[in-house]
Amino acid sequence: MFASIDLQLLLPALMIAATPILLAGIGELIVEKSGVLNLGVEGMMITGAICGFAVAVETGSPILGFVGGAIGGAALSLIFGFLTQFLLSNQVATGLALTLFGLGFSSLIGQSYVGVKPPSTAKLDLGAELPVIGPILLRHDVIVYFSLALVAAVWAFLRYTRGGLILRAVGESHDAAHALGYKVVRVRILAIMFGGACAGLGGSYLSLVRVPQWTEGMTAGAGWIALALVVFASWKPWRVLLGAYLFGGISVLQLNLQAAGANVPVELLSMSPYLVTIIVLVIMSADRGKVAMNAPASLGRSFHVSS
Amino acid sequence: MLRLEKRPQPSQFWTSITPVLAVLTTMLAGGLMFAALGKDPFLAIKTIFYDPLFSEQFASYSRPQLLVKAGPLILIAIGLSLGFRAGIWNIGAEGQYIMGAICGAAVALSLYPLDSFIVFPLAVLAGLLGGLFWAMIPAILKTRFRTNEILVSLLLVYVAEQLLASVSLGLLRNPEGGGFPGSRNLQQYDAVANRELIAATGMHWGVVMAFVAVIAAHVMLSRHILGFQIRLAGQAPRAARFAGVMPKRLVILCLGISGALAGLAGVFEVTGPAGQISIDFNVGYGFTAIIVAFLGRLHPIGILLAGLLMALTYIGGELAQFMLGVPAAAIQAFQGMLLFFLLAFDVLSNYRLQFGRREVA
């Protein structure tokens, strides 16, 4: 059963499968580090998926498509930012509203794109003739490398820059950050937009490279898995990468097993990514203290000057 | 300079007026959306909100549909609202609804073609337990391992959808269905068919159950200690612990009740309006019920009204789809918008708008 699975095909497929949730996850990490819980990742992802798809089809350029997807996600996240930061609405409810709205809105724009083929995204060739490493690591599209670079950038930003310090301060104690003169609301809005752009980019990668076509509700829970990824990573960038690739591995492996006609019900294989995510959540959360210690202290709390 | 000043107590007036404001602004924004789609906005809004109730041509068909659609929404939303009040977020009602339908249908189909009065109650009980069991997974994981119930209950929706696909292709497939996916039609199985109770009203057992749930929730919230504990846990978690509220028990209770009610909604739907288990049996009631719960201000009577309103947008939406060619997805976007506006206007019930700068003390 496993003999028919070729590692040189599996590993590149794994990286492609992991990239959408890696992007959405690293974006949400920044949002949560600023003390905001945005449950609208699924809605921003699917909006990014259709925006990116539409732009790529209309212009014929996948790169412009990715940009369009990121802008679409960021634009949608601004609704969340405005409601939670200026109108002080409940973050959980607003995030859910964002997802519900995003799902409807995306299928509304997507009506005329069902069945359309997107322009194909070129793969870069960084030395594919090298044995083993070449086909696995050095022949990917630009977004795969971009996502890896983004993880490194986010890590460096949080660890070494003044901006990262301010972001973390805002997330740990918005009152203290405010007292020090930092613009809590402005920092959070920027973080939310960054998260939206990342989720949108991840969504457009889904519709332009991973699947590549547009169907209603095509994110199928990827946004929620990205949210779980942040918990799994205990708010650390490199662990988001690890988690995303683990998850990518599972979703590719189950597809390969389906194709290989494994003696397991197809539905059980299809639900395995969700089940594994739940199991991982349980394992991480059961580890008393460790996860809770790492969560930003102000996560999910509204900030208001008079309070 | 416009600024917000926190009210010592949420304003009663604004709390009750915000849903109305939200509906009106959604109509306005929805009108713009329909105009952008190239439809006459006034005609679209009239088709959605007025015609299903009052037009001579459609009202006779669509009025009974109002209760058919509102029943499951109200039933699920009542359950969700209890948890939401206590700060327990069950977002997976859609999955519990599916599991209720699967379990109810499975029991009914396993007894087929037994013609006994006991079949229907057994199926209903199975549906209730199915939803309850599915909701217990996030509840137990939360109480034992402190896992986030939002994520777990939601991920379980996707698992339930796969199970639904699996049983409609396999276990529960109609043996006389010529190999097509989907179960036997339960509407044609007299012992379990959940028919209209009063002709031309749309009233079936699920709707009756929804009214019962509204009354029970209202009594519980205003008279019973559990209702008090739920309200207290949401408003002041620390005080709640001093008052003897056991958070873990509350999690199990709230998720259990909402799961059971969602399961009931599922079994009444599959034995009634839907008639059979099929791959796309679920139509998102579990998610729309979240909007209903908020629009109803987490209050039983409010949820009753909100459920009827949301049912109207479904029926009016179908009508607009049929008459004006408005895409079905537009209605979903419309419902999402409604929740946005509601959350936006909520600021008015918790804060006072003040003009001018704050005076430095």
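A note on names: the letters A, B, ... follow the listed sequences, proteins ahead of strands, and every chain is numbered from 1.
- A distance of 10.0 Å separates CD1 in A:Ile283 from OG1 in B:Thr147, rounded to the nearest 0.5 Å.
- Side-chain contact check for B:Met33 versus A:Leu108: some heavy-atom pair is nearer than 4.5 Å.
- Counting non-hydrogen atoms of neighbouring residues, nucleotides and ligands closer than 6.0 angstrom, the CZ atom of B:Phe133 reaches no more than 12 such neighbours.
- Interface remark: B:Ile291 contributes side-chain atoms only to the contact with chain A (heavy atom separation under 4.5 Å).
- Interface remark: A:Glu216 contributes no atoms to any contact with chain B (heavy atom separation under 4.5 Å).
- There is no contact between B:Ile331 and chain A, counting heavy-atom distances below 4.5 Å.
- Heavy-atom distances place no part of A:Ile109 under 4.5 Å from chain B, backbone and side chain included.
- With rounding to the nearest 0.5 angstrom, the CG atom of B:Leu141 is 7.5 Å from the CD1 atom of A:Ile278.
- Looking at A:Leu98, both its backbone and its side chain come within 4.5 Å of chain B, counting heavy atoms on both sides.
- By the 4.5 Å heavy-atom criterion applied to side chains, B:Phe287 and A:Leu100 are counted as neighbours.
- Rounding to the nearest 0.5 Å places CG of A:Leu96 at 4.5 Å from CD1 of B:Ile91.
- With a 4.5 angstrom heavy-atom cutoff, A:Leu281 touches chain B via backbone and side-chain atoms both.
- Between A:Ser270 and B:Gln162, the shortest heavy-atom contact is CB-OE1, 3.3 Å.
- With chain B as the partner, the residue from A:Val266, A:Thr94, A:Val92, A:Thr99 showing the most heavy-atom pairs under 4.5 Å is A:Val92.
- Considering CZ of B:Phe341 and CG of A:Leu83, their distance stands at 9.0 Å, rounded to 0.5 Å.
- Across A:Ser89, A:Ala220, A:Ser272, the residue that shares the most heavy-atom pairs under 4.5 angstrom with chain B is A:Ala220.
- Summarising the geometry of B:Gln332 relative to A:Gly104, their closest heavy-atom pair is OE1-CA, 3.6 Å, with the distance given to 0.1 Å.
- No more than 12 heavy atoms of other residues, nucleotides or ligands shown are found within 6.0 angstrom of CZ on A:Phe105.
- Closest approach of A:Phe101 to B:Met337, counting heavy atoms only: CD1-N, 3.8 Å.
- Counting all heavy atoms, side chain and backbone alike, B:Leu151 lies closest to A:Trp224 at CD2-O, 3.8 Å.
- Across B:Arg146 and A:Ser285, no two heavy atoms sit closer than the pair NH2-O, 3.2 Å.
- Rounding to the nearest 0.5 Å gives a distance of 7.5 Å between CG of A:Asn90 and CG of B:Leu343.
- Of the two parts of B:Leu169, only the side chain, counted from C-beta on, holds a non-hydrogen atom closer than 4.5 Å to a non-hydrogen atom of chain A.
- Rounded to the nearest 0.5 angstrom, B:Asn148 CG and A:Leu37 CG are separated by 8.0 Å.
- Contacts between A:Phe80 and chain B at a heavy-atom distance below 4.5 Å are absent for every atom of the residue.
- Interface remark: of the candidates B:Ala329, B:Gly284, B:Gly336, B:Ala329 forms the most heavy-atom pairs closer than 4.5 Å to chain A.
- A pairwise comparison of heavy atoms in A:Thr277 and B:Leu155 identifies CG2-CD1, 3.7 Å as the closest pair.
- The side-chain heavy atoms of A:Met271 and B:Leu163, taken from C-beta on, include a pair separated by under 4.5 Å.
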